[in-house]
Amino acid sequence: MTKFKENVIKIVSKIPYGKVMSYGQVALCASFPRGARQVGWILNKLNYEETKNLPWWRVVNNEGRISIKNSEYLPPEQKQKLEAEGLKIKKDLTFDINNYRYIPTPEEYLELTDDFLDEKF
DNA sequence: ATAATGACATGTT
DNA sequence: TAACATGCCATTA
């Protein structure tokens, strides 16, 4: 279990009901500024126990598109879970992420680094 | 050690 | 709008 994975799990588990974050955002908040792809990789490899208590469906790409691939889970499943939380998703699996994007407060960011602060603020 | 792969992001054609 | 290119970096082959 790497620090990065722990942080990703912490961040994702904090996304409120009905809100979403992009992979890049999650990476930033986990103090891995350019780890977007690794976030996706981690979510893809989560075991059952981990997915059970983690709202992985609230993580989408930065354009508001469901971009799941080669996973146990399929795009329609994620779409259904998001719609169940009130999001309106088009049939091409896109939606207006700016209506639902979750912006964490600085207190919720983990292990802030100088590099991170330079980039974000 | 080197190369390919990916639930990504951003900019340019 | 869509396709392409480049950067990214852990994991896998």
Side-chain angles (χ1 to χ4, degrees):
Chain A
M1 175 74 94
T2 67
K3 199 70 182 178
F4 180 48
K5 180 173 177 181
E6 290 180 29
N7 287 351
V8 167
I9 290 176
K10 280 185 202 168
I11 294 291
V12 173
S13 63
K14 280 183 180 178
I15 305 176
Y17 181 98
K19 296 288 184 180
V20 300
M21 283 176 75
S22 73
Y23 296 91
Q25 268 187 290
V26 173
L28 275 172
C29 296
S31 71
F32 256 75
R34 281 163 289 287
R37 304 194 70 148
Q38 287 67 303
V39 172
W41 183 86
I42 285 171
L43 293 184
N44 187 5
K45 297 282 276 183
L46 291 176
N47 62 42
Y48 175 73
E49 285 302 315
E50 290 166 326
T51 59
K52 204 164 57 168
N53 297 312
L54 196 70
W56 53 266
W57 57 88
R58 297 183 192 142
V59 184
V60 297
N61 81 1
N62 199 42
E63 297 174 351
R65 188 171 58 246
I66 291 173
S67 54
I68 221 171
K69 265 193 274 184
N70 303 327
S71 167
E72 303 255 348
Y73 303 95
L74 298 171
E77 183 174 351
Q78 183 170 11
K79 176 174 180 287
Q80 181 186 357
K81 284 184 173 294
L82 289 173
E83 286 177 330
E85 300 189 353
L87 281 70
K88 296 181 176 55
I89 311 218
K90 304 173 194 170
K91 79 178 170 188
D92 64 358
L93 300 178
T94 70
F95 62 97
D96 188 353
I97 190 176
N98 294 316
N99 289 348
Y100 307 106
R101 189 191 292 276
Y102 175 55
I103 309 295
T105 63
E107 292 75 31
E108 294 177 274
Y109 289 83
L110 298 178
E111 300 175 17
L112 296 175
T113 65
D114 290 341
D115 284 348
F116 170 77
L117 292 173
D118 287 345
E119 221 173 295
K120 181 76 183 174
F121 301 107

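In the text below, chain A, chain B and the rest are named by the order of the sequence lines, each starting its count at 1. In what follows, every heavy atom counts, from backbone to side chain, and hydrogens, waters and symmetry copies are set aside.
Among residues two or more places apart in sequence or in another chain, the side chain to side chain donor-acceptor pair (under 3.5 Å) test is passed with K79(A) by E83(A). Q80(A) is linked by a side chain to side chain donor-acceptor pair (under 3.5 Å) to nothing, counting only residues two or more places apart in sequence or in another chain. Remark: N99(A) pairs with D96(A) by the side chain to side chain contact (heavy atoms under 4.5 Å, CB included) rule, at least two apart or across chains. In this view, R65(A) and E63(A) satisfy the side chain to side chain donor-acceptor pair (under 3.5 Å) rule, not counting sequence neighbours. Qualifying side chain to side chain contact (heavy atoms under 4.5 Å, CB included) partners for D92(A), counting only residues two or more places apart in sequence or in other chains: K90(A), T94(A). For P75(A), the side chain to side chain contact (heavy atoms under 4.5 Å, CB included) partners at least two apart in sequence or on another chain are I66(A), I68(A), L93(A). K19(A) pairs by the side chain to side chain contact (heavy atoms under 4.5 Å, CB included) definition with I15(A), P16(A), Y102(A), not counting sequence neighbours.
As judged by a 4.0 angstrom heavy-atom cut-off over every strand, S71(A) is placed among the base-contacting residues. Here G24(A) lies in heavy-atom contact (under 4.0 Å) with sugar-phosphate atoms only.
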Is there a side chain to side chain contact (heavy atoms under 4.5 Å, CB included) between R101(A) and I97(A)? Walk through the geometry before answering.
CA-CA 6 Å; R101(A) 189 191 292 276; I97(A) 190 176; 3.7 Å; yes
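Here the side chains of K10(A) and C29(A) are not in contact, with every heavy-atom distance at 4.5 Å or above.
Within the structure, the ring pair (Phe, Tyr, Trp, His ring centres under 6.0 Å) test picks out the following pairs touching residues 49-78 of chain A (sequence neighbours left out): W56(A)-Y73(A).
Here chain A contacts DNA chain C (any atom closer than 4.0 Å to a heavy atom, that is under 4.0 Å), and the contacts span dG7(C) to dT12(C) from 5' to 3'.
Closest approach of N44(A) and N70(A) over heavy atoms only: OD1-O, 3.5 Å. The two atoms that bring I11(A) and A30(A) nearest to each other are CG1-N, 4.2 Å, heavy atoms only.
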What does the list of N/O pairs under 3.5 Å between the protein and nucleotides 10-13 of chain B look like, with a distance for each?
{"from": "dT10(B)", "atom 1": "OP2", "to": "N62(A)", "atom 2": "ND2", "distance (Å)": "2.4"}

Taking N or O atoms only and anything under 3.5 Å, show me the protein contacts with nucleotides 2-6 of chain B, one pair per line.
{"from": "dG6(B)", "atom 1": "N9", "to": "R37(A)", "atom 2": "NH2", "distance (Å)": "2.9"}
{"from": "dG6(B)", "atom 1": "N7", "to": "R37(A)", "atom 2": "NH2", "distance (Å)": "2.8"}

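Rounding to the nearest 0.5 angstrom, the gap separating the CZ atom in F32(A) from the NZ atom in K5(A) is 13.5 Å.
Taking atom P in both dT6(C) and dA7(B), one finds a spacing of 22 Å when rounded to whole Å.
The stretch residues 85-100 of chain A does not touch DNA chain B, since none of its heavy atoms comes less than 4.0 Å from the strand.
A straight line from CD of Q78(A) to C1' of dC8(B) spans 14 Å, rounded to a whole angstrom.
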